[in-house]
Structures are given as C-alpha cells and as structure tokens.
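Okay, structure first, notes after.
These values consider heavy atoms only, across backbone and side chains, with no hydrogens, waters or symmetry-generated copies. Quantities reported herein were computed from a predicted structural model and do not represent experimental measurements. Quick note on labels: first sequence line is chain A, next is B, and so on, each numbered from 1.
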Number of protein chains: 2
Amino acid sequence: MAAAIGKSLRELAIQLSLLNHQIGARLELQDVDIDCLDLIDRLGPLSPSGLARQAGLHPATITGILDRLESGGWVVRERDQSDRRAVLVRAQRDRYPDLMRLYAGMNRSMNEIYAGYEESELEVIADFLQRTANAGRGATDALSDNR
Amino acid sequence: MAAAIGKSLRELAIQLSLLNHQIGARLELQDVDIDCLDLIDRLGPLSPSGLARQAGLHPATITGILDRLESGGWVVRERDQSDRRAVLVRAQRDRYPDLMRLYAGMNRSMNEIYAGYEESELEVIADFLQRTANAGRGATDALSDNR
DNA sequence: GCCATATAATACGATACCCGTACAATATGT
DNA sequence: ACATATTGTACGGGTATCGTATTATATGGC
C-alpha cells in the first residue's frame, strides 16, 4: 500500500508540475515564477534574499523573476522602512482572480473529489498532505544544505 | 476542510517541485529532465513525439532533453523496428540507484508517515492521490487543448 | 563619531536552454 | 510511382540563469 501511495505521489507531483507549466505559459511566466509567487503569497511580504533561500535559487536569479512578476502586476517591491538596503516583496491580491480563473478546472474537479469523502476522511487526508509537504521541505533543505 | 486540503496541496506541489529542482541540480539535469525521465519510466518505451505530447513541450525541446538524459546514461534511443523514422526511448533501470539515493531522505520520512496510519486510512489516501493526479491531468489537458 | 567590514539588491556578461523553422528520412494513400 | 504526411533533429534567435562586480546601507570596534 505504501508503494501505491508513493507511485501516486510521484504521478501527482509531475501532473501538478505540468499544470503549473501550462498556467505559466498562459500568463507569459516561467513555472518558477508561479512557485515564487506562491511563496511570496504564503510567507507574506519578504525580501528577495529570503525568497532566494526559500526557493533555493541564486539572488541574481530572483531579480529576474521579480522583474517579470512586477511588470505583470503580480507583486510590488517596497522599500523596507527599518533597513533601507532591503526590499519587501508583496503579492498583489487584486491580481488573484486571473490566477484562479486558470485553476478553475482543477478546482472544480477537486470539489467533486471532496464530495465523495466523509468529513473524517478529509481530515485524515489533510493531515497526511501537511505531513508530506513538511517531509518534502525537510528533504529539500537537507539536499541544499549538504551543498 | 476542503480549503485546508487545497492549501496543503499547493504547498505540497511547490515543495515537491523544489525537491525536484535540487535533485536535478545534483545530477546536472534540468527539472524538466527529471519529469521526462519519470514519464518515460512510467509510460514505458515511447517515441520522442509521444513524450512531447505528454509533457506539453515542443518536439525540438524534447531532442535537447533526450540528449542530456542519454549522455548521462539515463535513457537509450532505439530504432523502432516497424517504423524506421521513429525512435523508441527506453529508461535505463541500472541507473535507478543513483536516483533513489537522492530520494532516500524523502523516502525515509514518508515511511515514518505511513507508519502512523491504519491500513484502511492508507487506502483512502492512495485513492485520493490517484483521483487528484487524474484531475491534474484533466485540467492540464483542457488548458493545452484550448490553444 | 569614524572607519573597516558585512550585507542587500541589482547590473552586466557568459553560458545554456527552449522553441520556430527548415530539412532529411521514411511511411502512407491514391 | 509519386505526391503528401510524419518523425526526429540541426540550426539560429530570443531569453533565462547564474557568477561576479558594483552601489547603497548597516553594523561593530575603537
């Protein structure tokens, strides 16, 4: 059973990655841009260097990514009040509908899937996904730390 | 609860994507290369054009990806017997240990997670993941079809 | 307060990637 | 048999990523 989950998980990973790619193409963004936008949205306003650490990318690469995201109106760069060298990147919520429209098909399918489960089962699933995401973060950090 | 799952799912997607990136970097491969290798392994020997369709990429892009995968010994290109224009790409299983070693950390964490669930719960989870992967494929296809 | 050092973000240039087009080889249909 | 379609790849252009250098600001020692 563990093997079946592993298999589905890998399959899920690649499918979500391909979906990400398609959505990125529609918005004239790279897939990594969408990833970064998600990180910015989730981890709140943060600095380019902080984002670089989270995404495991070179700071100079982040500059290019932010240029694209900013010129598309997805984020804004603000001066940090307390440290005038620093920049705070903030997601522009009013741009969200454009993203959600592209996720609409996926969301609809997911709602149908949710409908087929008991609340208690959904709880188990949510917990599992959270644990798995944390495991992914741990494994990623371990790889990037050990050089 | 559905919202919690959606949140965790997005988080999981990005974490797995970042893990993919780290692993790709260790193997001197692009992230998309790993995705393609996975597709080749899962969908069996298939043609470059078939792979291009599955991955939503331009055929010429696939050529470059296969060049990298082949020079690294991850896949081989074989002539198709029945159609001499065509090529069959086959994954090289003897290269798998090198991949698994990089996934070792993630696999260990996953095994710990599995251990915390009943068999019946794992069944629910496996089923959910499979459905979600299918939903992802459907949503991706819908986006790439509609232009 | 002053100066050396550290840190943040980005500009710039080199390398590599992705894709549109062209092309050679082979298959298919009339 | 010959026109057309299809497969895979070579080639060139535009662009992304990253290493390094640079500018601006912060921090710590004296």
Return the value, rounded to whole Å, for the distance between atom CD of Q30(B) and atom P of dT15(C). 17 Å
Stretch residues 71-87 of chain B: residues that reach within less than 4.0 Å of DNA chain D through a heavy atom: R77(B), R85(B), A86(B), V87(B)
Please examine the side chains of L27(A) and W74(A), heavy atoms only from C-beta on, and report whether any two atoms are closer than 4.5 Å. yes
Here the distance between atom C1' of dG8(D) and atom CG of L57(B), to the nearest Å, is 16 Å
Heavy-atom contacts under 4.0 Å between residues 33-41 of chain B and DNA chain C, which residues? none
With a 3.5 Å cut-off and no angle check, do the side chains of N134(A) and R131(A) form a donor-acceptor pair? no
Atom CG of D67(A) to atom C1' of dT17(D): distance rounded to whole Å? 13 Å
Would you say T61(B) reaches dC19(C)'s phosphate, i.e. side-chain N/O to OP1/OP2 under 4.0 Å? yes
Taking every non-hydrogen atom, the tightest pair across M1(A) and A126(B): SD-CB, 4.0 Å
Residue pair L37(B), D33(B): steps toward the side chain to side chain contact (heavy atoms under 4.5 Å, CB included) verdict: CA-CA 6 Å; L37(B) 179 57; D33(B) 298 353; over 6 Å; no
Base, sugar-phosphate alone, or nothing: which one does I62(A) contact when heavy atoms must sit under 4.0 Å apart? nothing
Which atom pairs link the protein and nucleotides 19-23 of chain D when you take only N or O atoms and keep those under 3.5 Å?
residue : atom : partner : partner atom : Å
dG19(D) : OP2  : H58(A)  : NE2          : 3.1

Rounded distance in Å - CD (E28(A)) to C1' (dC19(C)): 15 Å
When the distance from CG of L29(A) to P of dT17(D) is rounded to whole Å, what number comes out? 11 Å
Give a yes/no on whether any side-chain N or O of T63(A) is located under 4.0 angstrom from OP1 or OP2 of dT10(C). yes
Calculate the interatomic distance between L51(B) atom CG and dG8(D) atom P; express it in whole Å. 10 Å
In whole angstrom, what separates H21(B)'s NE2 from dC18(D)'s C1'? 11 Å
Gap between atom CZ of R108(B) and atom CD of E112(B) - 0.5 Å precision: 8.0 Å
Report yes if the side chains of N107(B) and M100(B) come closer than 4.5 Å at any heavy-atom pair, otherwise no. yes
Could you measure the distance from the CD1 atom of I34(A) to the CG atom of L99(A)? Nearest 0.5 Å is fine. 6.0 Å
Parallel, tilted or perpendicular for Y117(B) and F128(A), by the 30°/60° rule? perpendicular
Test side chain to side chain contact (heavy atoms under 4.5 Å, CB included) on L69(B) and Q30(B); report intermediate values, then the result. CA-CA 10 Å; L69(B) 285 176; Q30(B) 305 290 106; over 6 Å; no
Of all the heavy-atom pairs spanning A135(B) and I113(A), show the shortest one and how long it is. CB-CD1, 4.1 Å
Is the shortest side-chain heavy-atom distance between S17(A) and D31(A) below 4.5 Å? no
Considering every strand and a 4.0 Å limit on heavy-atom distances, what is the contact class for S49(A): base, sugar-phosphate, or nothing? sugar-phosphate
Given side chains that start at C-beta, do those of V87(B) and R79(B) come closer than 4.5 Å, heavy atoms only? yes
Between CG of L66(B) and C1' of dC17(C) the distance, given in whole Å, is 15 Å
